[in-house]
Amino acid sequence: MSLWDLRVTVERIEGRSVCGMDVGDYFELTNSAELRIPEGKHFCLYALQAALPLLPAKQRDLPQGDWLERDCHVACPDPDERLVMRVDRTRRCDLRSGDLT
């Protein structure tokens, strides 16, 4: 089976950065389920939880015209921060489904 590796990047902060993240901060989802954050950096738990539900679908090829195929933005739930993240597909990863749970 084939899945996409993803990078979720802070694209903009329209309010005040309460969690200490900056534009350009990111995490990566690789090899189906491995979450990677650059050494010495952090990613806000609440911003992360806002993005997590969309990631399994973004890892897969979706039907043409599916709204999630076109849409790549997700917002942190903190109304004072208004942090907006972009989800990008970075590389296709071929996996054997028998190796996964």
Side-chain angles (χ1 to χ4, degrees):
M1 74 180 191
S2 182
L3 296 175
W4 286 96
D5 287 348
L6 304 174
R7 177 178 279 199
V8 179
T9 306
V10 176
E11 185 172 273
R12 62 187 184 272
I13 301 172
E14 298 172 345
R16 59 187 181 100
S17 181
V18 191
C19 65
M21 292 198 329
D22 296 309
V23 170
D25 285 348
Y26 68 92
F27 70 86
E28 294 178 321
L29 179 60
T30 62
N31 298 316
S32 173
E34 297 174 9
L35 187 69
R36 301 178 188 278
I37 299 172
E39 188 172 337
K41 297 299 253 176
H42 74 280
F43 209 89
C44 172
L45 176 67
Y46 302 104
L48 178 65
Q49 67 87 24
L52 284 177
L54 302 174
L55 301 184
K58 291 297 279 186
Q59 287 180 301
R60 289 160 173 74
D61 290 321
L62 300 169
Q64 187 176 6
D66 188 298
W67 70 271
L68 196 52
E69 187 68 33
R70 305 186 304 274
D71 200 354
C72 64
H73 289 97
V74 61
C76 176
D78 187 330
D80 285 340
E81 194 157 37
R82 297 188 308 282
L83 182 140
V84 178
M85 299 163 281
R86 184 183 69 250
V87 181
D88 294 306
R89 292 173 170 162
T90 57
R91 103 181 149 94
R92 190 177 289 278
C93 182
D94 293 321
L95 304 163
R96 292 175 5 149
S97 60
D99 293 340
L100 305 171
T101 58

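Count residues from 1 along the sequence. Hydrogens, waters and symmetry mates are skipped; everything else that's a heavy atom, side chains included, is used.
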Worksheet item: Which value, rounded to the nearest 0.5 Å, describes the distance between Glu69 atom CD and Arg89 atom CZ?
Response: 4.5 Å
Response to the item:
In this structure, CD1 of Ile13 is separated from CD of Glu11 (nearest 0.5 Å) by 11.5 Å
What are the two closest heavy atoms between [X] and [Y], and how far apart are they?
| X | Y | result |
| --- | --- | --- |
| Gln49 | Pro77 | NE2-CG, 3.4 Å |
| Ala50 | Val74 | O-CG2, 3.5 Å |
| Leu83 | Ala47 | CD2-CB, 4.2 Å |
| Leu55 | Ala51 | CG-O, 3.4 Å |

Worksheet item: Would one find more than 12 heavy atoms of other residues, nucleotides or ligands at under 6.0 Å from atom CD of Gln64?
Response: no
With a 4.5 Å cut-off on side-chain heavy-atom distances among I, L, V, M, F, W and Y, is there a chain of contacts connecting [X] to [Y]?
| X | Y | result |
| --- | --- | --- |
| Met21 | Val18 | no |
| Val10 | Tyr26 | no |
| Val87 | Leu48 | yes |
| Leu62 | Leu29 | yes |

Worksheet entry | Side-chain donor/acceptor of Thr90 to backbone N/O of Asp5, under 3.5 Å |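 Indeed, once roles are kept as given, a pair shorter than 3.5 Å links the two residues.
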Worksheet item: Are any side-chain N or O atoms of Arg70 and backbone N or O atoms of Gly65, one a donor and one an acceptor, separated by less than 3.5 Å?
Response: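 Such a contact is found between Arg70 side chain and Gly65 backbone.
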Scan [range] for pairs that pass salt bridge (Lys or Arg N to Asp or Glu O under 4.0 Å), counting only residues two or more places apart or in two chains.
| range | result |
| --- | --- |
| residues 43-62 | Asp61-Arg92 |
| residues 29-53 | Asp25-Lys41, Glu34-Arg36 |
| residues 73-83 | Arg16-Asp80 |

Discussion item. Determine whether Met85 and Thr9 satisfy the following criterion, side-chain contact (heavy atoms from CB on, under 4.5 Å), listing intermediate values before the conclusion.
Written reply: CA-CA 5 Å; Met85 299 163 281; Thr9 306; over 6 Å; no
Discussion item. According to ring-ring contact (aromatic ring centres under 6.0 Å, His included), does anything in residues 41-87 pair up with another residue at least two apart or in another chain? List the pairs.
Written reply: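 Applying ring-ring contact (aromatic ring centres under 6.0 Å, His included) to every pair that reaches into residues 41-87, excluding sequence neighbours, yields Phe27-Phe43.
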Item to complete: Give the intermediate values and the outcome of side-chain contact (heavy atoms from CB on, under 4.5 Å) for residues Leu3 and Leu95.
Response: CA-CA 8 Å; Leu3 296 175; Leu95 304 163; 3.8 Å; yes
Discussion item. Holding to salt bridge (charged side-chain N to carboxylate O under 4.0 Å, His left out), I want the full list of residues that pass it with Asp88, two or more places apart in sequence or in another chain.
Written reply: Arg86
Fill in: ILVMFWY cluster membership beyond Val84 - transitive side-chain contacts under 4.5 angstrom
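Cluster partners of Val84: none, it stands alone.
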